[in-house]
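The sequence lines fix the lettering, A, B, ..., with proteins before strands; numbering per chain opens at 1. Excluded from the calculations below are hydrogen atoms, water molecules and symmetry mates; all remaining heavy atoms, backbone and side chain alike, are included.
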Amino acid sequence: MKIATWNVNSIRARADRIEDWLDKTEVDVLALQETKATDETFPYEIFEYSGYEVAHFGISQWNGVAIASRVGLEDVERTFPSQPPFGKPGEEPVQEARAIGATCNGVRVWSLYVPNGRGIEDPHMSYKLDWLSALHKDTSGWLKADPGAQLALVGDWNIAPLDQDVWDIDFFRENQMTHVTAPERAAFNAFLEEPLNLVDAVRPLTDEPYTYWDYTKGRFSKNEGMRIDFQLLSPALAQRVVAAQIDREEREGAGASDHTPVIIEIA
DNA sequence: ATGGCTACGCTTCGTAGA
């Protein structure tokens with residue numbers, strides 16, 4: 001079974017490419033982030049034509065997450081239980097469409113779009129860290145309830161865990177950029193450490209360093225990218241992984257998303 | 001020269017991405 005995750009940066013602008021990609025790769029499960037669509041405007045038909053069931057969660061032109069599957073799509077859950085809303089000062093906090101879960105052929109898949117911190121001092125940074133802390137707490141509960149859980153937390157984590165996961169760590173440091181700060185990395189690493197012990201099964205199985213290249217400044221042609229899209233698997237699921245791939249080719253050509261798909265194959 | 005892109009919408013700029 002193949003499970004892919006892909007920040008498509010607008011499902012409507014990318015509809016033809018996504019349909020072609022599904023026909024070409026024949027993944028069984030595709031988790032999507034940044035659909036930039038509401039449930040009303042989401043193009044369900046491109047998945048149905050290709051033989052996939054799909055569940056989407058979108059409430060505005062921002063964010064939006066979905067899971068498409070051709071091996072079953074059960075117990076769909078929109079937002080994880082502890083997921084915090086974003087509160088603007090003086091306004092009612094708003095829940096954002098950043099997480100959708102579904103069980104596909106026995107694997108509990110969460111499609112996650114971790115908030116962009118925007119800036120080190122920006123209120124969105126504490127939102128990002130709170131959001132990850134809440135996800136960690138719920139994940140801990142799921143694994144306590146079932147230590148053998150087949151669980152996949154996949155998506156755009158908006159964190160580059162290692163210095164080598166950005167093209168020039170000095171550039172990031174000098175410009176006080178997000179995605180590489182100690183608190184963000186600690187929040188990410190907490191998923192890989194005791195007691196959760198989730199596994200990044202992709203890193204050891206692919207030579208491609210990056211999953212994202214900015215549209216601006218010719219970043220892709222200069223191969224100045226970032227590794228920020230991950231599939232973190234429960235220990236029991238990680239044992240079944242036989243292959244992994246970052247589909248760099250999909251970043252090429254006109255009309256590409258700035259992120260590329262990340263795929264695992266499990267036995 | 002310190003830029004360069006892409007997408008969205010009650011669109012023709014402001015917001016967001018990272």
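Separating the P atom of B:dT6 from that of B:dT11 is a span of 23 Å, rounded to the nearest Å. Between B:dA1 and B:dA16, the two P atoms lie 32 Å apart (nearest whole Å). Of the C1' atoms belonging to B:dC10 and B:dT15, the separation is 15 Å, rounded to the nearest Å. A gap of 22 Å separates the P atoms of B:dA7 and B:dG3, to the nearest Å. Across B:dT12 and B:dT2, the matching P atoms stand 28 Å from one another, rounded to whole Å.
Comparing B:dA18, B:dC8, B:dT6 by their closest approach to the side chain of A:Tyr215 singles out B:dT6. Of the candidates B:dT6, B:dA16, B:dG4, the closest approach to any side-chain atom of A:Arg118 belongs to B:dA16. Picking from B:dA7, B:dA18, B:dC8 the nucleotide with the shortest atom distance to the side chain of A:Arg14 gives B:dA7. Taking only side-chain atoms of A:Thr216, from C-beta outward, the nucleotide of B:dG4, B:dC5, B:dG17 with the closest atom is B:dC5.
Among the atoms of the strands shown, only primed sugar atoms or phosphate atoms (P, OP1, OP2) are found under 4.0 Å from some heavy atom of A:Asn7. The residue A:His124 sits apart from the nucleic acid: no heavy atom pair falls under 4.0 Å. Residue-level contact check: A:Tyr113 touches the backbone only, with heavy atoms under 4.0 Å from sugar-phosphate atoms and none from bases. Using a 4.0 Å heavy-atom distance criterion, A:Asn175 is classed as making no nucleic acid contact. Residue contacts for A:Asp258: at a heavy-atom cut-off of 4.0 Å it reaches no nucleic acid atom on any strand shown. Counting any heavy atom pair closer than 4.0 Å across all strands shown, A:Met177 reaches no nucleic acid atom. When heavy atoms are screened at a 4.0 angstrom cut-off, A:Arg12 is found touching the sugar-phosphate backbone but no base atom. If you check every strand for non-hydrogen atoms under 4.0 Å, A:Ser10 touches sugar and phosphate atoms only.
A:Arg98 forms no cation-pi arrangement with A:Tyr127, by the criterion of a distance under 6.0 Å to the ring centre and an angle within 45° of the ring axis.
Atom P of nucleotide B:dT2 and atom CG of A:Asp168 are separated by 20 Å, given to the nearest angstrom. Atom CZ in A:Arg219 sits about 12 Å away from atom P in B:dG4, given to the nearest Å. For A:Asn158 and B:dA16, the CG to P distance is 15 Å, given to the nearest whole Å. The distance from atom CH2 of A:Trp62 to atom P of B:dT6 is 16 Å, rounded to the nearest whole Å. Rounded to whole Å, atom C1' of B:dA18 lies 15 Å from atom CZ of A:Arg185. Across the protein-nucleic acid pair, A:Glu34 atom CD and B:dA16 atom P stand 12 Å apart, rounded to whole Å. One can place CG of A:Asn63 at 17 Å from P of B:dA7, the figure rounded to the nearest angstrom. Whole-Å rounding puts the A:Met226 CE to B:dG17 P distance at 13 Å.
In this structure, A:Phe42 and A:Phe47 have parallel ring planes: the angle between them is below the 30° cut-off, well short of the 60° mark.
Atom NZ of A:Lys88 is surrounded by 12 or fewer heavy atoms from other residues, nucleotides or ligands within 6.0 Å.
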Can you check salt bridge (charged side-chain N to carboxylate O under 4.0 Å, His left out) on A:Lys2 and A:Glu26, steps first, answer last? CA-CA 8 Å; A:Lys2 283 186 186 173; A:Glu26 302 216 307; over 6 Å; no

For salt bridge (charged side-chain N to carboxylate O under 4.0 Å, His left out), just list the numbers for A:Glu224 and A:Lys217, CA-CA rounded to whole Å, side-chain angles, deciding distance to a tenth of an Å, and then say yes or no. CA-CA 9 Å; A:Glu224 296 179 342; A:Lys217 300 177 175 64; over 6 Å; no

Audit row: A:Arg248, A:Glu208, salt bridge (charged side-chain N to carboxylate O under 4.0 Å, His left out) steps and yes/no: CA-CA 8 Å; A:Arg248 188 181 199 283; A:Glu208 172 57 56; 3.3 Å; yes

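Taking the nucleotide of DNA chain B with the nearest heavy atom to each of A:Lys222 and A:Lys88, the more 5' of the two is matched to A:Lys222. Sequence order on DNA chain B of the closest nucleotides to A:Val114 and A:Ile11 puts A:Ile11 first from the 5' end.
Side chain to side chain, A:Asn223 and A:Trp213 meet the donor-acceptor criterion of an N or O pair below 3.5 Å.
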